[in-house]
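Structure first, commentary second.
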Amino acid sequence: MTAWTNWAGTERAQPRRMVAARSTDDVVAAVRAGVADGLRVKPLGAGHSFTGAAVTDGVHLDLTGLTGLVAVDQGSGVVTVRGGTRLHDLNPALLRHGLALPNLGDIDQQSITGAIATGTHGTGARLGGLATQVLALRIVLADGTVADCSATERPRLFEAARVGLGALGVVTELTLQCVPSFVLHAQERPEPLDQVLEALEHEAESNDHFEFFWFPRTDRVLAKRNNRVPEGTPLRPLPGWRARLDDELLANTVFEWTNRLATARPSLVPRLNAIASRALSAREFTDTAYKVFVTPRRVVFRECEYAVPREALRPVLAALRDWTELHDEPLPFPVEVRFAASDDIWLSTGYERDNAYVAVHQYHRLPHAPFFAAFEAIVAVHQGRPHWGKLHSLGAERLRELYPRFDEFVAVRNEVDPGRTFGNAYLERVLGS
């Protein structure tokens, strides 16, 4: 047996065997062999989910060799990519063809399949999550057959599989609608929290991409506004020394030291947050889109993120502020707030609802359970939907209430995987079996 752990160290597995796949045929062979031996099969990408979505005691199907572009149509922007391709490889590969994904999160370590299966999103009130860019999928099903699905070919499978949680099969290829490559002008600066909250609707609607980070038990945020600039605008990226200072030394090395100090002396956290929120300096630059979206994050943490209706953001943050003031929990990580548009994907957090996304974090050496439980209680009042790749406590009974097409998803799963070849304990909890 080969031991496996995810990036955050929140999940571990001892699969019976690990099989590397470099083609759809390899996946077919591995699935058929696993079924023949009575073993469950789980695809494994970057292991960046905080949940047990990829855990199995059967066959771990390693997709890290199933990478690269299959086809590119520069005219239409339609691209087919292999499922194990990491975002940090896909973004420059698209750029070489003059293309880009229209939106991204701030981490690029995930595989494209894993990012889409868990509903990964960026920020932008007029933009949906990554799954909204999917035009077609190729999936190896539990019976070892290969299914191609799209809005016109096996449409019910397609609707379920766009955010499929790894429950329906192994996605080996994805066809994505890309856009011409573009450049973003980034403005980042510290601001008073109340000022940002007063202008939320304006900020979300007037910027292509707007987000902010609030430091608990302070009245300060770091606000980020990223906006497209006209084609031909010259690049003015951060100087190398500034990028190394801000993104490597301060955001990673010094932040790790700060969190270790917080672990040793929890009483110092409010003072550390006050210093951090005041020490932030403004910066402004113009660069290729994915270089603006993505920031290196090497400090290990735990994360819980929920989508709430946009109008619920203020009461959610007010309740969070009250809780942090009343409870002496060490919280050295900021709370992140982002925005995304509604979509029609069955298990997407954005299903038929424009959302604000609130993410709470905790350093991996500090207890996270009290804060995360309080946060979940707050968002529950506002029909909060959990990010599928982040820590949460919800089960099928509550998730069925939150997702109008939940039972349709389960019905498709029953059709394509009645024996639960791709099941595990996490899916049993969130899907009911």
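Counting from 1, the numbers follow the sequence of the chain as shown.
Side-chain atoms of Val19 and His60, non-hydrogen and from C-beta on, never get closer than 4.5 Å to each other. In this structure, the side chains of Pro370 and His327 stay at 4.5 Å or more apart for every pair of heavy atoms. For the pair Gln362 and Glu303, the minimum side-chain heavy-atom distance is 4.5 Å or more. Within the 4.5 Å cutoff, the side chain of Arg217 has no heavy atoms near those of the Leu331 side chain. In this structure, the side chains of Leu99 and Ser181 stay at 4.5 Å or more apart for every pair of heavy atoms.
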Go through Val294 and Ile107 one step at a time and tell me if the side-chain contact (heavy atoms from CB on, under 4.5 Å) criterion holds.
CA-CA 5 Å; Val294 174; Ile107 295 175; over 6 Å; no
Does the pair Arg126 and Asp208 meet the rule for a salt bridge (Lys or Arg N to Asp or Glu O under 4.0 Å), with working shown?
CA-CA 8 Å; Arg126 295 178 294 278; Asp208 292 330; 3.2 Å; yes
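Under the 3.5 Å distance criterion, the side-chain polar atoms of Asp57 are left unmatched by any main-chain donor or acceptor of Ala13. Counting only distance, with no hydrogens or angles, the side chain of Arg314 and the backbone of Glu311 share no donor-acceptor pair below 3.5 Å. A donor-acceptor contact shorter than 3.5 Å links the side chain of Asn273 to the backbone of Pro216. Of the possible donor and acceptor atoms, none in the side chain of Thr145 sits under 3.5 Å from a partner among the backbone N and O of Leu141. Panel note: side chain Asn424, backbone Gly52; a donor-acceptor pair is recorded below 3.5 Å. A donor-acceptor pair is defined here as one N or O able to donate and one able to accept, closer than 3.5 Å; no such pair exists between the side chain of His48 and the backbone of Asn6. One N or O on the side chain of Thr85 and one on the backbone of Gly68 form a donor-acceptor pair closer than 3.5 Å. Using a distance-only test at 3.5 Å, with no hydrogens or angles considered, a donor-acceptor pair links the side chain of His387 to the main chain of Gly389.
Considering only residues two or more places apart in sequence or on other chains, Arg413 meets the side-chain hydrogen bond (donor to acceptor under 3.5 Å, both in side chains) condition with none of them. The side chain to side chain contact (heavy atoms under 4.5 Å, CB included) test applied to Arg398 returns Gln383, Leu394, Glu401, Leu402, not counting sequence neighbours. By the side-chain hydrogen bond (donor to acceptor under 3.5 Å, both in side chains) test, Arg138 pairs with Asp148, sequence neighbours left out. In terms of the side chain to side chain contact (heavy atoms under 4.5 Å, CB included) criterion, residue partners of Pro296 (sequence neighbours excluded) are, by chain and number, Asp247, Glu248, Asn252, Arg298. Under the rule for a side chain to side chain contact (heavy atoms under 4.5 Å, CB included), the partners of Leu235 that lie at least two apart in sequence or sit in another chain are Val183, Pro237, Asp287, Thr288. Listed by chain and residue number, nothing satisfies the side chain to side chain contact (heavy atoms under 4.5 Å, CB included) test with Pro367 (two or more places apart in sequence, or in another chain). Not counting sequence neighbours, the partners of Glu408 by the side-chain hydrogen bond (donor to acceptor under 3.5 Å, both in side chains) test are Arg405.
The CG atom of Leu197 sits 7.0 Å away from the CG atom of Leu313 when rounded to the nearest 0.5 Å. Atom OG1 of Thr421 sits about 10.5 Å away from atom NZ of Lys42, to the nearest 0.5 Å. Atom-to-atom distance recorded for Thr349:OG1 and Lys390:NZ is 10.0 Å, nearest 0.5 angstrom. A distance of 8.5 Å separates CG of Asn355 from OG of Ser342, quoted to the nearest 0.5 Å. Rounded to the nearest 0.5 angstrom, Ile378 CD1 and Tyr306 OH are separated by 12.0 Å. Note that CD of Glu203 and CD of Glu211 are 12.5 Å apart. Values are rounded to the nearest 0.5 Å.
Under 4.0 Å is where a charged nitrogen must lie from a carboxylate oxygen, and between Glu428 and Arg40 at least one such pair does.
Heavy-atom neighbours of Arg420 CZ from other residues, nucleotides or ligands within 6.0 Å: above the threshold of 12.
Checking His185 against Glu284 by side-chain atom types alone, a donor-acceptor pair falls below 3.5 Å. Asp25 and Ser23 share no side-chain donor-acceptor pair at under 3.5 Å. Side-chain contact, Thr24 with Thr172: a donor N or O sits under 3.5 Å from an acceptor N or O. Side-chain polar atoms of Thr118 and Ser49 form no donor-acceptor pair below 3.5 angstrom. Donor-acceptor pairing under 3.5 Å is lacking for the side chains of Arg321 and Thr218.
Every pair passing salt bridge (charged side-chain N to carboxylate O under 4.0 Å, His left out) that includes a residue from residues 353-377 is listed here, sequence neighbours excluded: Glu256-Arg365. Note on residues 68-96: no pairs pass salt bridge (charged side-chain N to carboxylate O under 4.0 Å, His left out), not counting sequence neighbours. Applying the ring pair (Phe, Tyr, Trp, His ring centres under 6.0 Å) test to residues at least two apart or on different chains, the pairs with a partner in residues 192-236 are His209-Phe293. Applying the salt bridge (charged side-chain N to carboxylate O under 4.0 Å, His left out) test to every pair with at least one member in residues 102-112, sequence neighbours left out, gives these pairs: Asp106-Arg297.
Taking every heavy atom of both residues into account, Arg242 and Ala282 meet most closely at NH2-O, 3.3 Å. Of all heavy-atom pairs between Leu44 and Ala54, the closest is CD1-CB, 4.1 Å. For the residue pair Asn227 and Ser206, the shortest heavy atom distance occurs at OD1-O, 4.1 Å. The two residues Ala125 and Ala204 have their closest heavy-atom pair at CB-O, 3.3 Å. The two residues Ser111 and Gly84 make their nearest non-hydrogen contact at CB-O, 3.9 Å. Considering every non-hydrogen atom in both Cys149 and Ile139, the closest pair reads SG-CD1, 4.0 Å.
Each of His392, Arg338, His361 was scored for a side-chain hydrogen bond (donor to acceptor under 3.5 Å, both in side chains) with Glu305, with one residue passing: Arg338.
Aromatic pair Phe50/Trp388: ring centres not closer than 6.0 Å. The aromatic ring centroids of Phe333 and Phe255 lie less than 6.0 Å from each other. Residues Trp323 and Phe371 place their aromatic rings such that the two centres sit under 6.0 Å apart.
A cation-pi arrangement is not found for Arg302 relative to Phe372, the charged atom failing to lie both closer than 6.0 Å to the ring centre and inside a 45° cone about the ring normal. Within the cation-pi definition used here (under 6.0 Å to the ring centroid, within 45° of the axis), Arg228 qualifies as a partner of Phe182.
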Can you list, pair by pair, the side-chain donor-acceptor contacts under 3.5 Å of residues 156-166, counting residues two or more places apart and other chains?
residue : atom : partner : partner atom : Å
Arg156  : NH1  : Glu415  : OE1          : 3.4
Arg156  : NH1  : Glu415  : OE2          : 3.1
Glu159  : OE1  : Arg162  : NH2          : 2.6
Arg162  : NH2  : Asp344  : OD1          : 3.2

